[in-house]
Colleague: 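Handing you a structure now.
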Number of protein chains: 2
Amino acid sequence: MRRMSQRDRREAIIDAAIEVAMENGLGATTVRDVAGRMGSSSGLIHHYFESMDLVLAGAFRRVAEKDLATSRDELAVLGDPVTQLAHFVNTYFSPDRDPAFQFWLDAWSEAGRNGALQQASSSLNVEWQQTLLTIIESGVDSGDFECSDPFGASWSILSLLDGLALQIVAHRTVLSRAQSIVWAAGTIERDLGLPSGALRHQAPVGASAL
Amino acid sequence: MRRMSQRDRREAIIDAAIEVAMENGLGATTVRDVAGRMGSSSGLIHHYFESMDLVLAGAFRRVAEKDLATSRDELAVLGDPVTQLAHFVNTYFSPDRDPAFQFWLDAWSEAGRNGALQQASSSLNVEWQQTLLTIIESGVDSGDFECSDPFGASWSILSLLDGLALQIVAHRTVLSRAQSIVWAAGTIERDLGLPSGALRHQAPVGASAL
DNA sequence: TGCCCAGTTGAACGCGTGTCCAACAAAAAG
DNA sequence: CTTTTTGTTGGACACGCGTTCAACTGGGCA
């Protein structure tokens, strides 16, 4: 196996763990599978990570951080809060995000039994909520939104979206993505005092919304 | 070990599986643990269930069905739709339901990999949604609620509640139960054209709402 | 060129897993 | 009181798990 620096090897291990977890689930990701994916021996993993739990927490953290960063980058180039929120809602159920969302489901389930995972999961959930909070606050400032409790609204909206996404990813055919967008948009518009349809006036960017 | 009829033994196995899964989680529930809890040999389980996956799916189904039945019984004795919905929202985050909700988290996570679990999980989720739908429809009929899409509203409200409950159970301290009730009630009131505070005018029944 | 140390190996350890099945015992049928 | 049926036993099997560690490289420095 090609030698690497400590930094590179740690990254490579996490990369391999992500690939395996995408196929088998976080909970079913084993040391040997990760080593096999890397093309290395299994002993190598424990030379860089104290335990397998830390590898899994690292894998989740990386996937979730990248997903969040992508979302923030997309929001950054959009002008007003209404457009930003519309984009947020219209892309939340994109099939592209399904694998990352399965990671979230695994993390929420495992959080009670894996301390490192719980920490990663809860802190990243807070970051998503803060992303939403920033949009809402700027919308209240600009007069686009009417909301007396932006903090509560950010948690409510995120929870609504997560609850719907959960049905889509876990149960596949119970809810359609397009339908979920319409329902979420309606509830959020009422929550923020927006006119009906305000969050749906543009097609989702780069996402097939079936 | 005392002999039982096929029916009783199957029930006893599921009972024992539930007890174990309450402590260790669905995914960490083993044949030997279940047998030990029953005080029987481990071979007995496979005399009644083709595989361990079916035992776990059975355990989830039983817990979720009982939880649902309890909720429906409580709703049945309440008069008007507003009171029913208020009860629904005020009790959804009760600590009593935490163990059952952890079962849901496990089921949602495993659904993609355990067919029997996915079927149980998705059909029971639909039953919860239908419970909500019945309340909403009767409220629309009685003129208490204003809602053009009761079906969509039922899914949105359930998803909002699940999303909040998920934070409470998986992350423990990120959100408080009382706060979540207030947020959910606010959003639902706006969704159904209720006056602000309509769903919070009574204290939760038999639930410490910390 | 030769040494040294960091990166890497892979077998071994103890334990746990689901599944299987021949043997056993208790209840029911004759 | 036998015989048959049926619920139950518990060890065997093959495998997989996370973790450990002495032995083994191979690249960079002296």
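Labels below follow one simple rule: chain letters A, B, ... track the order of the sequence lines, proteins then strands, and each chain is numbered from 1.
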Colleague: Is a donor on one side and an acceptor on the other found under 3.5 Å between the side chain of A:D191 and the backbone of A:S154?
Modeller: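 No, the answer is negative, given that no donor and acceptor are paired below the 3.5 Å cut-off.
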Colleague: Using the ring-ring contact (aromatic ring centres under 6.0 Å, His included) rule, collect all pairs that involve residues 10-33 of chain B, keeping only residues at least two apart or in two chains.
Modeller: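 Listed by first then second residue: nothing to list.
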Colleague: Are any side-chain N or O atoms of A:S123 and backbone N or O atoms of A:A120, one a donor and one an acceptor, separated by less than 3.5 Å?
Modeller: yes
Colleague: Considering only heavy atoms of chain A and a distance under 4.0 Å, specify the first and last nucleotide of DNA chain D in 5' to 3' order that meet this criterion.
Modeller: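 Range of nucleotides within reach of chain A: D:dC17 to D:dG26.
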Colleague: Specify the residues of residues 8-33 of chain B, ordered by number, for which at least one heavy atom lies under 4.0 angstrom from an atom of DNA chain C.
Modeller: B:T29, B:T30, B:V31, B:R32
Colleague: With sequence neighbours left out, write down each residue that passes side chain to side chain contact (heavy atoms under 4.5 Å, CB included) with B:T70, or none if nothing qualifies.
Modeller: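 Partners of B:T70 under the side chain to side chain contact (heavy atoms under 4.5 Å, CB included) test: B:K66, B:E74.
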Colleague: Could you list the residues that satisfy side chain to side chain contact (heavy atoms under 4.5 Å, CB included) with A:T30, not counting sequence neighbours?
Modeller: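 Per chain and number, A:T30 pairs via side chain to side chain contact (heavy atoms under 4.5 Å, CB included) with A:R32, A:D33.
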Colleague: Using a 4.0 Å heavy-atom cut-off, does A:S5 contact any base of the nucleic acid, only the sugar-phosphate backbone, or nothing at all?
Modeller: nothing
Colleague: Got a sec, which pairs hit ring-ring contact (aromatic ring centres under 6.0 Å, His included) with one end in residues 54-85 of chain B, sequence neighbours left out?
Modeller: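 Residue pairs with at least one partner in residues 54-85 of chain B: B:F60-B:W104.
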Colleague: Tell me every residue that passes side chain to side chain contact (heavy atoms under 4.5 Å, CB included) with B:V169, counting only those two or more places apart in sequence or in another chain.
Modeller: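 B:V169 satisfies side chain to side chain contact (heavy atoms under 4.5 Å, CB included) with B:D98, B:F101, B:Q102, B:L105 once adjacent residues are dropped.
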Colleague: Using only heavy-atom distances, determine whether the side chains of A:D80 and A:T83 contain a donor-acceptor pair under 3.5 Å.
Modeller: yes
Colleague: Below 4.0 angstrom, which residues in residues 38-50 of chain A have at least one non-hydrogen atom near DNA chain C?
Modeller: A:S40, A:S41, A:G43, A:L44, A:H47, A:Y48
Colleague: Salt-bridged, B:R72 to B:E127, with N to O below 4.0 Å?
Modeller: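 Between B:E127 and B:R72 there is a salt bridge, with a charged N closer than 4.0 Å to a carboxylate O.
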Colleague: With a strict under 4.0 Å distance from non-hydrogen atoms of chain B, what nucleotide opens and what nucleotide closes the contacted stretch of DNA chain C, reading 5' to 3'?
Modeller: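 Result: C:dT17 to C:dA26.
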Colleague: What pairs with B:S40 under side chain to side chain contact (heavy atoms under 4.5 Å, CB included), at least two apart in sequence or on another chain?
Modeller: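 Testing B:S40 for side chain to side chain contact (heavy atoms under 4.5 Å, CB included), a comparison that skips the adjacent residues, returns B:M1, B:A35, B:M38, B:L44.
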Colleague: Take the C1' atoms of the five end pairs on each side of the helix from C:dT1-D:dA30 to C:dA28-D:dT3, get both axes, and report the angle to 10 degrees.
Modeller: 10°
Colleague: Partners of A:D15 by salt bridge (Lys or Arg N to Asp or Glu O under 4.0 Å), sequence neighbours excluded?
Modeller: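 So A:D15 forms a salt bridge (Lys or Arg N to Asp or Glu O under 4.0 Å) with A:R62.
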Colleague: Taking atom types as modelled, is there a side-chain donor on A:N24 or A:T29 under 3.5 Å from an acceptor on the other?
Modeller: no
Colleague: About how many Å separate CG of B:L56 and CG of B:L26, when rounded to the nearest 0.5 Å?
Modeller: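 So the CG of B:L26 and the CG of B:L56 are separated by 5.5 Å.
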Colleague: Would you please say whether a donor-acceptor pair under 3.5 Å links the side chains of A:D162 and A:W128?
Modeller: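 Absent: no donor and acceptor within the cut-off.
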Colleague: Return the SG to CD distance between A:C147 and A:E137, rounded to the nearest 0.5 Å.
Modeller: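 So the SG of A:C147 and the CD of A:E137 are separated by 9.5 Å.
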